[in-house]
2 protein chains.
Amino acid sequence: MTEKVVLVDHLISEIKKGAFQSNKKLPSEHVLADQFKVPRMVVRKAYEQLQDLGYIYSKQGKGSYVQDSKIQIPLILSGDVSFTEKMKELHFPFQTITIFCEEVPFDQKIFQSLNVGNDEKVFKIGRLRLIDELPIALHTSFVAQTIFPEIEKDGPNISSMFLYYKQRGFLEFGSNSSTLNVIFPTPNEREILQCSNLVPLLQVESECVDKNSGQVLEHTVIIYRSDYFTYVI
Amino acid sequence: MTEKVVLVDHLISEIKKGAFQSNKKLPSEHVLADQFKVPRMVVRKAYEQLQDLGYIYSKQGKGSYVQDSKIQIPLILSGDVSFTEKMKELHFPFQTITIFCEEVPFDQKIFQSLNVGNDEKVFKIGRLRLIDELPIALHTSFVAQTIFPEIEKDGPNISSMFLYYKQRGFLEFGSNSSTLNVIFPTPNEREILQCSNLVPLLQVESECVDKNSGQVLEHTVIIYRSDYFTYVI
DNA sequence: GTACGTTCACTTGGCAACAAGATACATTGT
DNA sequence: ACAATGTATCTTGTTGCCAAGTGAACGTAC
């Protein structure tokens, strides 16, 4: 066990140092096992963990190779600027696609924060954020039909939630205190964000309120791939 | 590979549900392999990953058992209250011990943020935060000797940095924009925080400034175990 | 009856041999 | 000469067997 961890630590440090950058090929399991005087099984376990972490990939008959290193995006978490505006400022080739708009079953926490009864309809709108075609965040907005009656029909075609709200008379927005959590992705989230199961996600949960009336417009859950972001608060 | 992931997902969900709470013993590798109709090796890999994640532990000859579930601590990240005050408010059996006070070699980023030249002495003071005797965060303060000449001698005995600063004429503190990162622990951090290598850590980096003069008093790096905290910003 | 030792059934841990994919190179047939 | 095919030797992936630790059941000596 401790031998595997030593190997993993060493390899991650080498990868980050760029030691394998020339051809990006890692030493074969047999060679590394001889070098470190450990059974091949230990090297295999280390390589497998590096795969799960997204550092390398292995191909039977060929070898193991380091994954392309990832971009690091500084992300301003606070403030009331929209995600799109934040990204445009940074000149990243940025894109958003709406991937679902569907009614959600009753959920104590969400319904309460939206201040609606359990017989009301609440929709969740999922918008996937991509940079360079790579999915890097999933933005889920929970919206009550009582506030936006046409949300079911409009949902799939909204390009900017903020714009949508503005067009309906809500001019200035704020967000109350956000909660942060570090989570591992569910199978569904893994598929959407195209990451392995050991990539930690930063989950930010907050509410968007209309500054004028104080009304909660949406309950928001955003999950960011933590391997792409540095957060600034 | 995908079989392992399915198993890991399933087991984590069962553990969180408390399905094994009665005796906390997981099914033996052989039994689980039969149930899911997969080779025992797959179960072994899944169990090993759960060990690395800190969910379970295995004992040769006995079996595999779920780890005690962890407390969840709501943590206010913003504001200028000290960590100690935050914890006392929440009535956790809280404790801090200073574990190191040593000079650090030149580091561009740190020295620049402290506004000192590369021939000046800078000390890092490490304070371990414990709740119920469990290490849950490591608070590292980088302090320049030019500002606090006695820091090398005083360092090991400082109970509260804020108090130390106040006693030296700095009355009101603020912090500039903090950066957040999700990282995995280094070997050293694993030993200090007594966690396995797949426990994500939240790293918060900021500066403590004297509101009066605007002078940077310390460069701060705090790492929190993400499995113990929910962060509020 | 009791204390002690043995066996046995079950657990996780480890390993060596084998399977299977990839590639370079030699061999062979035309 | 050239193309197709076999072959040797790399690579990673899989499997099955045995080692080692544990504890309960059992047997036996006293």
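Proteins get letters first, then strands, A, B, ... in listed order; numbering begins at 1 in each. As the structure is a computational prediction, the values presented were derived from the model and not from experiment.
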Could you tabulate the donor-acceptor pairs under 3.5 Å formed by side-chain atoms of residues 55-64 of chain A, not counting sequence neighbours?
residue, atom, partner, partner atom, Å
A/Ser58, OG, A/Gln51, NE2, 3.3
A/Ser58, OG, A/Ser64, OG, 2.8

Identify all side-chain donor-acceptor contacts of residues 7-16 of chain A below 3.5 Å with residues at least two apart in sequence or on another chain.
residue, atom, partner, partner atom, Å
A/Asp9, OD1, B/Arg190, NH1, 3.4
A/Asp9, OD2, B/Arg190, NH2, 2.5
A/Glu14, OE2, A/Lys17, NZ, 3.1

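Side-chain atoms of B/Asp52 and B/Ser196 form no donor-acceptor pair, as typed in the model, at a separation below 3.5 Å. If you check the side chains of A/Asn181 and B/Tyr231, you find no donor sitting under 3.5 Å from an acceptor. Between the side chains of A/His30 and A/Arg40, not a single donor N or O lies within less than 3.5 Å of an accepting N or O.
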N/O contacts under 3.5 Å, protein versus nucleotides 20-22 of chain D?
residue, atom, partner, partner atom, Å
D/dA20, N3, B/Gln60, NE2, 3.3
D/dG21, N2, B/Gly61, O, 2.9

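A search for salt bridge (charged side-chain N to carboxylate O under 4.0 Å, His left out) contacts involving B/Arg127 returns nothing, not counting sequence neighbours. Judged as a side-chain contact (heavy atoms from CB on, under 4.5 Å), and not counting sequence neighbours, the contacts of A/Lys45 are A/Lys4, B/Glu48.
Taking 3.5 Å as the limit, the base of D/dG13 and the side chain of A/Arg40 contain a donor-acceptor pair of atoms between them.
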- Item | Strand DNA chain D as a dot-bracket string - pairs counted if Watson-Crick or G-U with both distances under 3.5 Å, | where the partner lies in another strand | ||||||||||||||||||||||||||||||
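Within the cation-pi definition used here (under 6.0 Å to the ring centroid, within 45° of the axis), B/Lys124 qualifies as a partner of B/Phe100.
We find that CG of A/Leu32 is positioned 18 Å from P of D/dC10, with the value rounded to whole Å.
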